[in-house]
Amino acid sequence: MKVTTDKINSNLVKEVEEISGQKVSACFQCGKCTGGCPVVGSMDIFPHRVLRLAQLGLVEELLHSRTLWICASCQTCDSRCPRDVDIPKVIEALRLLLLRRKGGNRLHPASLSARVLANAPQQGLVSAFRKYAK
Amino acid sequence: MKKIAKTKLQELWRCLSAEGALYLPVRSDSVVDFALWQEDVPADLETLNTFLPPKKFYYPQTETVLKYEFGENLQLLDASSQAGEKTILFGVRPCDTAALSLMDKVYLSEPVDEAYRRRRENTVIIALGCREPEETCFCQTFDIDPGKAPGADLLAIDTGTELVVTAQSLKGEELLVALNGVLQEATSGDEIRVKDVQEQAGEGYLTRVSVHGLAEKLDTCFASPYWDRLYRRCIACGTCTYLCPTCHCFDLQEYAAGHSGERVRCWDACMFTDFTQMAGGHNPRPTQKERVRQRFMHKLNYFPRQHGGEYACVGCGRCVRQCPVNLDILEVIREMGGAVDGQ
Amino acid sequence: MSTASEKLRASAAEALACGRVSLVLGWRKKDFWWQSPVAFVEAAAEAEQLSFDPFSVYNPVKYLLEATECHEKVGVFVKGCDSRGINRLLQDKRLEREQVLIFGLPCSGKADPAKIRAVFPAQKIREVAQEGEELLVRLTDGQERVAAADFLLEKCLTCRHPNPVVFDELLWEPVPVRAGVDVSRFARVNSVAQKEILERYTYWARQFDRCIRCFACRNTCPACNCRSCIFDQAEPRWLGKASDLADTMNYQIIRAFHVAGRCFECGECERICPAGIPLQEMNRRLIMDIDKYFGPYEAGLDAGDSPPLGTYRGEDPAGFDES
Amino acid sequence: MASNPLLPQVAVVTDVRRETPDVKTFRVEAADGRELFAYRPGQCAMVSLFPVGEALFSITSSPTRIGFLEFSIKETGVLTRALHEIEAGTEIGVRGPYGNGFPVDFLRGKDLLFIGGGIALAPLRSLINYCLDNRDDYGRVDIIYGARSSRDLVQREELLVNWPRIRNTGVHLTVDVRSDDWDGNVGFVPAFLEQLNPAPEGKVTVTCGPPIMIKFVLQSLAKMGYQPEDVITTLEMKMKCGIGKCGRCNIGDKYVCKSGPVFTLAELQQLPNEY
Amino acid sequence: MPVTREGFEPLIVAFCCNWCSYAGADLAGTSRQPYPSNVRVIRVPCSGRVNPSFIIRAFQRGADGVLVAGCHPGDCHYHSGNYHARRRFTILKQLLEYLGIEPERFQVRWISGSEGAKFSAVMNELTENVRKLGQNRKLRDAR
Amino acid sequence: MKRTGVFICWCGSNIAATVDIELAVAAAKNMPGVVFADQNKYMCSEIGQEIIKEAIRSHRLERVVVASCSPRMHENTFRKTVAAAGLNPYFLEIANVREQCSWVHKDKETATAKAIALIRTAVAKALRNEALFASELPIERRALVIGGGIAGIQAALDIADSGFVVDLVEKEPSIGGRMAQLDKTFPTLDCSACILTPKMVEVAQSEKITLFTYAEIEKVEGYVGNFTVTVRNRARSVDMSKCTGCGDCMLKCPVKVDSEFDLGLVKRRAIYTPFPQAVPNKPAIDREHCRWFTENKCRVCEKICPAGAIDYSQEDELMTVKYGAIVAATGFDPKKLGNYGEYAYGKHPDVLTSLEFERLLNASGPTAGKILRPSNGRPPKNVAFIQCVGSRDKAKGNPYCAKVCCMYTAKHAILLCEKVPGARPFVFYIDVRTPGKDYEEFYNRAYEEYGATYIKGNVSKVFPDGDKLLVRSVDALSGALVELEVEMVVLANSVDARAGAKELAQKLSITTNAFNFFNEAHPKLRPVETHTAGIFLAGTCQGPKDIPETVAQASAAAMKVTALLGKDSLLSTPTVAEVDEKLCTGDMSCLVVCPYGAISEKILEERRGRETVRRKVAEVNMVLCQGCGACTVACRPGAINLKGFTNEQIMAEVEAICL
């Protein structure tokens with residue numbers, strides 16, 4: 001992982017900001033988002049760090065992260081952010097970035113077992129299914 | 001005349017301590033001084049000069065002379081009547097014994113110092129004759145026989161393995177009676193040995209000076225330029241005066257708390273800068289020159305003038321050995337014209 | 001006569017003859033073999049009396065206080081320990097450097113007469129002279145040579161600065177510092193400090209009980225150079241005149257405190273104490289604590305530094321509970 | 001029975017009189033109403049104020065006035081400062097009398113010239129009143145006295161009123177510093193003495209004052225022809241015991257507390273110059 | 001020396017600087033924080049005014065414990081008085097211990113004007129410690 | 001013994017409930033010196049005070065002891081009471097039997113015993129109380145301000161505004177100081193010159209202010225209200241009365257020297273004004289470089305000057321002036337970066353210090369306000385700003401925070417973005433500190449609006465790489481290594497004390513901290529005063545500060561000065577140290593510990609026998625002395641004593657309290 005002038009200057013960050021409508025640079029890394037995240041235990045990159053990597057143009061690193069798919073968009077972070085950054089939206093933007101690049105959805109409804117459908121969190125399913133609409 | 005084997009001295013002292021508070025020379029750290037006898041603490045009968053002379057038993061360094069209450073009414077209580085528990089001094093050397101008679105001239109002359117007198121009365125002196133002088137001894141200068149101690153109540157002579165004890169006063173005789181149990185009768189052989197020791201003791205002085213006619217000579221020496229040179233070395237400490245068996249100057253000080261207090265007499269030294277300092281600022285002896293001169297003139301001129309020609313020095317040599325700057329009476333005697341022979 | 005003495009005489013005679021000084025302080029011999037008092041030499045012709053022998057130990061520096069009042073410039077011979085006394089007086093503003101012409105005498109230690117008396121009968125000794133690293137003891141019946149190092153004064157055994165630290169002329173080559181002085185310097189203090197508290201008190205009470213308040217320790221000490229000592233003052237009376245153990249401790253504690261950070265370890269107080277009180281153990285204890293708490297400091301090495309008790313650092317540690 | 005010579009008697013200060021800004025006169029009587037002790041003019045006594053301390057003072061009253069002692073004391077040190085703060089009724093300690101006193105028999109029948117300065121009138125006053133109380137025993141009495149200023153004249157009433165009224169008695173005053181309330185002589189005592197120039201014949205002088213004054217007065221007297229035997233002075237030294245034992249007041253072999261404080265100039269000339 | 005029915009009661013002399021510790025003692029009073037009456041305070045302008053002679057004199061005259069209290073380092077009303085005091089008493093304390101005087105008897109503490117509770121806690125502790133040691137005989141005048 | 005009266009207060013039940021008043025009164029009556037003792041329910045009440053006054057009169061009391069609440073409460077009340085009865089107010093002593101007795105003890109018996117002991121102690125002290133008086137000193141109504149930067153200017157203006165005469169002494173040929181070198185100021189971005197130059201002109205025009213530029217402080221003597229200062233007016237070689245400030249001389253001078261004002265980025269002449277808006281706008285000749293002074297030829301300026309103002313023969317002039325108060329406002333120096341080779345400063349022309357960058361920003365600077373790379377004169381795109389250069393660095397810099405760098409770096413980032421479209425600032429920081437009004441918002445704008453990238457990480461090395469610079473660091477937040485290619489590096493170098501600060505401090509007898517910043521008397525409560533009364537501090541000579549803080553402190557210092565100069569006279573604390581010259585050894589142990597510089601040496605002449613001898617003794621300045629008493633303990637012979645807390649008094653208290 002290396003920050004360079006090129007990376008910082010890449011258009012990826014701008015793209016994320018455009019898609020999410022959020023100012024990634026506004027984050028000053030207080031960490032409150034991560035501290036309150038209910039599903040942080042399963043994340044490989046913590047929410048605040050997602051923002052930091054985005055700020056530094058290290059978007060590639062993010063795109064391979066499990067975090068994008070673990071985030072349940074529960075908005076806990078957002079409701080508490082002192083810099084008024086809607087983090088789920090940023091994560092969503094990253095997901096979209098990836099989806100667009102791969103040209104397909106991550107989830108297919110058929111791939112989901114009945115058990116998963118029964119036990120997966122409602123919000124997670126909602127957010128996953130929203131992507132089908134795309 | 002009685003005697004006791006030196007190996008049995010503990011027994012003697014045990015008996016003596018029953019007769020009164022027994023003090024004898026004891027070594028503590030590097031210093032030998034008179035101390036209250038304690039079982040198992042060995043006495044030092046070899047060292048000639050104790051650190052302090054036995055004057056401290058008659059004329060203590062600190063002594064309450066008067067107690068008072070001054071709240072509603074002033075009440076004065078004479079403290080001198082409390083002085084004088086029965087005391088026995090063992091091992092007082094002839095020079096120190098002689099010094100006591102000089103001290104008597106001051107404190108037993110009118111008006112008599114009561115506390116001193118009581119202590120003097122209640123003390124028995126057991127003198128110990130010297131066998132051989134130390135290098136700084138010059139008692140013979142003052143006609144003191146190191147083998148004799150006429151002022152003592154008892155005289156002990158170390159004949160080698162025994163001490164031979166002779167009574168020299170009524171007090172001494174009484175004490176001898178009390179010691180009958182531990183002492184043996186001396187023989188005529190002992191008497192001869194004692195004489196031998198006494199005679200030998202008078203030989204072998206390394207330091208020979210004479211004070212013959214010195215007091216008179218000093219009459220004209222008050223303004224001698226010698227004092228200008230001599231005093232410069234003096235550091236104005238009190239070593240010589242406090243260690244001197246004949247120095248007797250004192251100060252009176254108050255110790256009070258609340259409504260009661262006491263007046264205390266304590267040793268003072270004419271060497272101290274404030275000795276004659278007056279409240280108004282005048283000091284008749286303003287520099288160390290006058291103070292040094294005072295000390296030696298007192299010993300060698302004033303005292304003899306006041307007390308029938310006797311010098312206020314017994315040649316014990318304490319000041320010679322202990323003066324930090326080697327400014328001593330021997331030098332003054334020599335410089336001021338005391339005859340010198342020997343080294 | 002030794003070459004050392006000759007060098008002293010020549011230096012003094014020269015300085016007096018050419019008028020650089022009008023008084024020279026050195027040592028001379030007196031009646032007894034162990035007496036080498038300070039000599040006041042005021043003319044070149046008198047310089048003959050000067051001598052430097054195993055007993056030229058007394059520190060002449062304090063005499064400078066009075067000597068410089070009537071002499072414009074005074075010559076003084078100093079050993080290592082004595083020279084630190086000069087810095088003491090300079091630092092205390094009791095002396096100006098221009099007032100003294102300092103002849104430095106590197107010194108490998110002075111002899112303790114008591115140690116000599118313990119080996120040779122005092123009555124027989126006529127002279128004790130230094131010859132190289134030996135003492136030559138002349139007796140009434142012959143003479144003997146002994147190693148000078150075996151007869152050193154206690155204070156010389158712990159001397160860290162045998163060579164003068166301030167001087168105008170050095171009369172001979174500097175001498176080496178004795179091995180192990182850093183350890184021996186605090187050895188006695190440590191051995192007392194290791195005692196139980198009651199034992200320590202008993203030890204010191206016995207020592208102080210002998211104190212007769214002759215003030216020799218104070219009067220000889222170049223660090224005690226006040227015009228008027230508090231102990232001599234009548235109002236307030238800082239020290240009672242009557243001798244009393246607690247009051248003696250008062251005297252000794254305050255005396256030690258007043259020289260704390262200023263004592264330059266010449267050890268004269270202890271050497272001349274007629275009561276044999278180990279005063280240097282107190283002074284050294286204070287030096288130890290000053291080193292420990294405020295950083296290493298040796299007094300009398302530099303007249304320009306600041307003694308530790310006039311200064312402070314905000315981050316000084318405290319030797320007491322600061323909670 | 002021997003007793004402790006350092007033990008004072010309890011006495012009461014019955015009157016305190018301010019003489020000058022720094023001198024007060026204390027009248028002292030025995031606590032039990034009896035006489036403390038008999039004394040001669042010029043003798044001294046040790047006065048103790050508890051718990052401050054003890055010092056020797058000249059008795060300024062005359063033994064001809066019975067029942068009390070008086071001390072005129074100048075404030076100079078710790079003890080005298082404390083004494084200046086006491087009030088009538090205070091109990092103090094007194095022991096004495098000490099010293100030789102003036103040779104009243106030697107003086108009898110002679111003309112007397114008293115020369116005093118400052119607080120040193122204290123011992124002279126004892127003798128002056130003694131002589132004036134025994135007026136017929138003595139010849140003409142002249143008193144020359146000087147003080148720093150007119151405010152510093154001690155025993156003002158006696159100097160200005162009582163003594164001048166007595167027959168064959170003259171009081172000659174001088175002050176060092178001129179002031180508005182002073183119309184007498186201005187100048188130091190020795191100069192004033194030379195100006196008055198009393199003839200030495202048949203006269204004995206008794207002088208007491210600060211050391212510097214005495215020094216010049218003695219010179220003046222010698223110049224005017226007074227014989228050392230006829231010049232009497234008193235000395236002051238630091239004393240602790242008053243009985244010739246404490247060892248500090250000696251001049252040569254004489255303890256001032258016993259052999260002094262009164263000496264003739266002839267005697268002083270035999271002593272070392274250390275006072 | 002206060003001796004009560006119960007026996008030995010130590011006498012504690014406390015030198016308190018006017019600006020901090022004396023004020024702290026006053027605060028202990030106004031907030032009624034009790035401490036033993038054995039403690040008696042002498043007011044000084046600054047802990048830097050306390051002369052070691054005063055401390056020894058207190059012991060001589062019968063104090064069983066002595067406290068010097070001043071402002072915390074950095075808070076001295078006179079800027080540096082307590083720093084000087086700290087140096088002086090650091091070495092004095094070691095010296096007294098070296099001479100065999102129990103360390104509990106001589107204490108130096110920093111007590112601010114707001115530390116009333118600390119003042120009384122220190123006094124309680126000091127009194128208790130000294131009470132356990134018993135009377136000071138070592139530095140006490142014989143007369 | 002002084003006639004002493006003791007008055008014991010019940011304080012209602014506050015004292016009386018725990019202390020047996022009757023017993024205490026009886027005990028007091030029996031104390032040495034006490035001739036009268038009484039009690040009252042409220043001693044501080046009018047009735048209580050009347051009792052005291054009446055007793056003083058009827059019992060001829062000389063000393064008064066009141067046993068009551070803390071002296072911190074009513075000492076002044078009772079001092080006034082005894083003064084009203086004709087006694088010196090310092091004849092009063094208070095025994096604190098409330099706060100330190102009745103309120104903290106329960107047991108009546110022991111509390112009463114303690115109260116009696118406290119009264120006895122107060123009596124013992126009172127007996128030794130002496131009359132004390134505050135001494136009065138006249139005040140010289142003129143102030144000196146040292147340093148003509150914004151701090152000195154503001155202080156001088158404020159003092160002058162209060163009607164007092166001020167002399168402003170500046171070392172350089174012009175006032176203006178550091179602020180004159182700046183372009184814009186945070187957080188408002190208004191132009192430094194626009195707000196500073198009017199003040200400079202105001203100084204020049206003020207009737208109350210006399211300006212001495214090209215002048216230095218030579219010597220300071222005296223004390224508060226009465227300083228005597230010697231100022232060295234350096235030879236300017238230009239007759240100020242003749243010079244019109246036309247500037248022709250500066251154009252013709254053949255010598256070119258690095259401009260100090262522009263930090264060597266441009267040259268100036270040997271005859272010069274530091275910057276165009278200089279006040280006074282009249283040049284000075286730098287004799288170190290002037291060809292006439294170095295080589296004895298040229299004299300071009302003399303020939304060219306239409307006013308005939310050039311005067312090579314001028315010499316330094318010393319003037320000695322009396323002042324009542326002094327403000328030190330000598331500013332700071334930017335840290336020299338000799339130790340920081342890793343940043344390639346001095347090795348690569350595009351590595352600049354922040355003040356140099358500031359000059360690039362400035363319209364009157366070397367590039368007329370364009371940000372251009374010194375190496376090639378082209379604008380940079382990526383610029384790295386490295387913070388904490390020489391700050392927060394225990395190893396080779398200053399351990400302290402330079403306080404202003406975070407804010408000016410944010411300013412630089414913003415100005416970079418504004419001046420160079422598309423430029424990207426990268427800020428390397430350890431912490432970003434923005435305490436100050438509108439500061440955080442300013443910082444937020446830098447990264448939110450202007451897109452400055454803040455990287456938490458110190459730069460380990462700057463590598464010159466072709467015409468670029470490689471900056472290597474780490475982003476401590478993400479753990480990512482950082483390697484940036486930039487065209488310019490700006491180093492936020494730390495703030496040092498002004499060279500020569502230590503020497504000035506010695507002249508002023510004020511203290512400095514370990515880094516030569518002047519010490520304030522108290523960090524919280526007396527932040528603009530020094531330990532030397534009458535000397536005040538303004539601006540960065542005390543420590544790093546920004547402009548608002550500097551100006552605020554300058555006004556505060558001015559206020560302190562006017563408060564001082566506005567007094568009729570100075571009253572000293574009566575409880576000051578005094579020297580017993582008889583006892584004084586003259587070793588000046590006291591002087592060393594005195595925090596107020598109140599002790600000085602004095603030569604005493606005294607008679608010894610027939611001779612007059614001179615010796616050194618200590619002397620206390622009663623105005624400067626604040627009565628801490630540290631000297632009394634430092635003085636081994638006890639020659640220096642503290643009035644009101646004398647050795648005698650404290651010893652007496654100790655003895656009485658132990659009874």
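Here is how names work: the chains are called A, B, and so on, in the same order as the sequence lines, proteins then strands, and each is numbered from 1.
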Within a strict 4.5 Å, meaning less than it, do heavy atoms of the [X] and [Y] side chains meet?
{"X": "E/Y35", "Y": "F/Q100", "answer": "yes"}
{"X": "E/Y22", "Y": "F/S70", "answer": "yes"}
{"X": "F/N96", "Y": "E/V41", "answer": "no"}
{"X": "E/V13", "Y": "F/C658", "answer": "yes"}
{"X": "E/I42", "Y": "F/K125", "answer": "no"}

Most heavy-atom pairs under 4.5 angstrom with chain E, which of [options]?
{"options": "F/A111, F/C69, F/P71, F/S102", "answer": "F/P71"}
{"options": "F/H531, F/K524, F/M651", "answer": "F/H531"}
{"options": "F/E653, F/H105, F/R98", "answer": "F/H105"}

Check: Is chain F contacted by the side chain of E/A85, its backbone, both, or neither, given a heavy-atom distance below 4.5 Å?
Finding: neither
Could you report the tightest heavy-atom contact between [X] and [Y], atom names first, then the distance?
{"X": "F/Y596", "Y": "E/H77", "answer": "OH-O, 3.9 Å"}
{"X": "E/N18", "Y": "F/R72", "answer": "O-NH1, 2.7 Å"}
{"X": "E/P45", "Y": "F/C628", "answer": "CG-O, 3.8 Å"}
{"X": "E/R88", "Y": "F/V633", "answer": "NH1-CB, 3.4 Å"}
{"X": "F/A521", "Y": "E/H79", "answer": "O-CD2, 4.3 Å"}
{"X": "F/V104", "Y": "E/G29", "answer": "CG1-CA, 3.7 Å"}

Measure the spacing between [atom1] of [X] and [atom2] of [Y] and express it to the nearest 0.5 Å.
{"X": "F/N647", "Y": "E/F54", "atom1": "CG", "atom2": "CZ", "value": "4.5 Å"}
{"X": "F/L642", "Y": "E/C46", "atom1": "CG", "atom2": "SG", "value": "10.0 Å"}
{"X": "F/C594", "Y": "E/Y78", "atom1": "SG", "atom2": "OH", "value": "12.0 Å"}
{"X": "E/C76", "Y": "F/H522", "atom1": "SG", "atom2": "NE2", "value": "8.5 Å"}

Item checked: E/R40 backbone acceptor or donor facing F/K114 side chain under 3.5 Å -> no
Check: Charged N to carboxylate O under 4.0 angstrom, E/R32 versus F/E99?
Finding: no
Note to self: Evaluate E/R43 against F/E93 for salt bridge (charged side-chain N to carboxylate O under 4.0 Å, His left out), listing each step before the verdict.
What the structure shows: CA-CA 11 Å; E/R43 182 164 70 129; F/E93 277 303 318; 5.5 Å; no
Check: Cut-off 3.5 Å, side chains only: do E/R49 and F/T632 have a donor facing an acceptor?
Finding: yes
Next item on the list: With a 4.5 angstrom heavy-atom cut-off, could you sort out which part of F/N14 is near chain E: side chain, backbone, both or neither?
Entry: side chain
Note to self: For the NZ atom on E/K118, are there more than 12 heavy atoms of other groups (residues, nucleotides or ligands in this structure) within a distance under 6.0 Å?
What the structure shows: yes
Next item on the list: Give a yes or no on whether E/E128 atom CD has more than 12 heavy-atom contacts from other residues, nucleotides or ligands under 6.0 Å away.
Entry: yes
